[in-house]
Amino acid sequence: QYQLVESGGGLVQPGGSLRLSCAASGFTLEYYAIGWFRQAPGKEREGVSCISSNGGNSNYAASVKGRFTISRDNAKNTVYLQMNSLKPEDTAVYSCAATWHNLLYWGQGTQVTVSS
């Protein structure tokens, strides 16, 4: 049973921070590139950030660059998304995905709500 489980979402005020985690169960993330995605109500799913299998390369959507940081700890089989200076428009369900060759696994998502 291969699973990705996101955690760390919640309600935060504008300007606040959250750290999301994406943990793998049943397989190792060592060989997988990881992406974070989000989907707000009424909007299409969009890519937020991604990181290479060894953590050497990462990129970000323009809307989050400078505020979000993606990282991974392969020893813990976990990828993180540190979100700082959160804005109301960051409100969405955040999901992670792991890919290696023709394999693709998705997590269920975690809700992030930014509101005062």
Side-chain angles (χ1 to χ4, degrees):
Q1 189 75 38
Y2 295 168
Q3 296 186 76
L4 289 174
V5 179
E6 301 94 339
S7 62
L11 175 64
V12 64
Q13 294 184 344
S17 298
L18 287 173
R19 188 178 75 159
L20 305 183
S21 298
C22 173
S25 298
F27 70 104
T28 179
L29 289 179
E30 181 179 3
Y31 307 108
Y32 291 79
I34 306 295
W36 282 98
F37 301 81
R38 67 185 183 185
Q39 186 169 27
K43 295 185 177 180
E44 296 181 341
R45 188 185 304 274
E46 64 175 339
V48 176
S49 182
C50 61
I51 189 168
S52 60
S53 59
N54 65 1
N57 293 294
S58 60
N59 57 37
Y60 302 88
S63 59
V64 307
K65 192 171 185 178
R67 299 187 297 119
F68 291 10
T69 302
I70 191 170
S71 63
R72 66 191 301 158
D73 187 341
N74 285 341
K76 296 182 178 180
N77 222 23
T78 302
V79 175
Y80 305 97
L81 184 67
Q82 178 68 46
M83 306 186 296
N84 299 325
S85 302
L86 284 163
K87 305 174 181 179
E89 51 263 44
D90 294 319
T91 296
V93 174
Y94 285 72
S95 302
C96 63
T99 184
W100 178 70
H101 293 302
N102 64 337
L103 297 178
L104 179 64
Y105 302 126
W106 283 91
Q108 297 182 48
T110 184
Q111 176 71 49
V112 172
T113 302
V114 185
S115 176
S116 59

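We number each residue from 1, following the sequence as shown.
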Shortest non-hydrogen separation from Ala40 to Ala92 and the atoms involved
N-CB, 3.8 Å
Leu29 and Asn77: which non-hydrogen atoms are nearest, and at how many Å?
N-OD1, 2.7 Å
Report yes if some heavy atom in the side chain of [X] is under 4.5 Å from a heavy atom in the side chain of [Y]; otherwise report no.
X	Y	result
Leu86	Gln13	no
Ile34	Arg72	yes
Pro88	Pro14	yes
Phe68	Trp36	no

With side-chain contact (heavy atoms from CB on, under 4.5 Å) as the test, would you mind laying out the steps for Leu18 and Gln82 before giving the verdict?
CA-CA 6 Å; Leu18 287 173; Gln82 178 68 46; over 6 Å; no
Does NZ or CZ of Arg38 lie under 6.0 Å from the centre of the six-membered ring of Tyr94, at an angle within 45° of the ring axis?
no
Within 45° cone of Trp106 ring axis and under 6.0 Å: Arg45 NZ or CZ
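Checked: cation-pi criterion met.
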Evaluate the ring planes of Phe27 and Tyr2, with Trp represented by its six-membered ring, and classify them as parallel (under 30°), tilted (30 to 60°) or perpendicular (over 60°).
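Tilted: the ring planes of Phe27 and Tyr2 meet at 30° to 60°.
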Please answer: with hydrophobic residues joined when any side-chain heavy atoms are less than 4.5 Å apart, are [X] and [Y] in the same cluster?
X	Y	result
Met83	Val5	no
Tyr60	Val112	yes
Trp100	Leu104	no
Val48	Val93	no

[atom1]/[X] to [atom2]/[Y] distance, rounded to the nearest 0.5 angstrom?
X	Y	atom1	atom2	answer
Ser58	Lys65	OG	NZ	9.0 Å
Gln39	Glu46	CD	CD	9.5 Å
Ser21	Leu81	OG	CG	9.5 Å

Give a yes-or-no answer on whether the side chains of Asn84 and Ser17 include a donor-acceptor pair shorter than 3.5 Å.
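Side-chain D/A pair, Asn84 to Ser17: present.
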Exam field: side chain [X] to backbone [Y], donor-acceptor pair closer than 3.5 Å:
X	Y	result
Glu6	Gln108	yes
Asn74	Ser53	yes
Asn57	Ser52	no

Kindly determine whether Tyr32 and Leu103 satisfy side-chain contact (heavy atoms from CB on, under 4.5 Å), including the steps that lead there.
CA-CA 9 Å; Tyr32 291 79; Leu103 297 178; 3.6 Å; yes
Scan Ile51, Asp73, Thr69, Ile70 and name whichever one has a side chain to side chain contact (heavy atoms under 4.5 Å, CB included) with Tyr80.
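That would be Asp73; it is the only one of Ile51, Asp73, Thr69, Ile70 passing the side chain to side chain contact (heavy atoms under 4.5 Å, CB included) with Tyr80.
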Testing Leu11, Thr113, Val12 for side chain to side chain contact (heavy atoms under 4.5 Å, CB included) with Thr91, which one passes?
Thr113
Not counting sequence neighbours, list each pair that qualifies as a disulfide bond (SG atoms under 2.5 Å apart) and has a residue in residues 8-65.
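Matches after skipping sequence neighbours: Cys22-Cys96.
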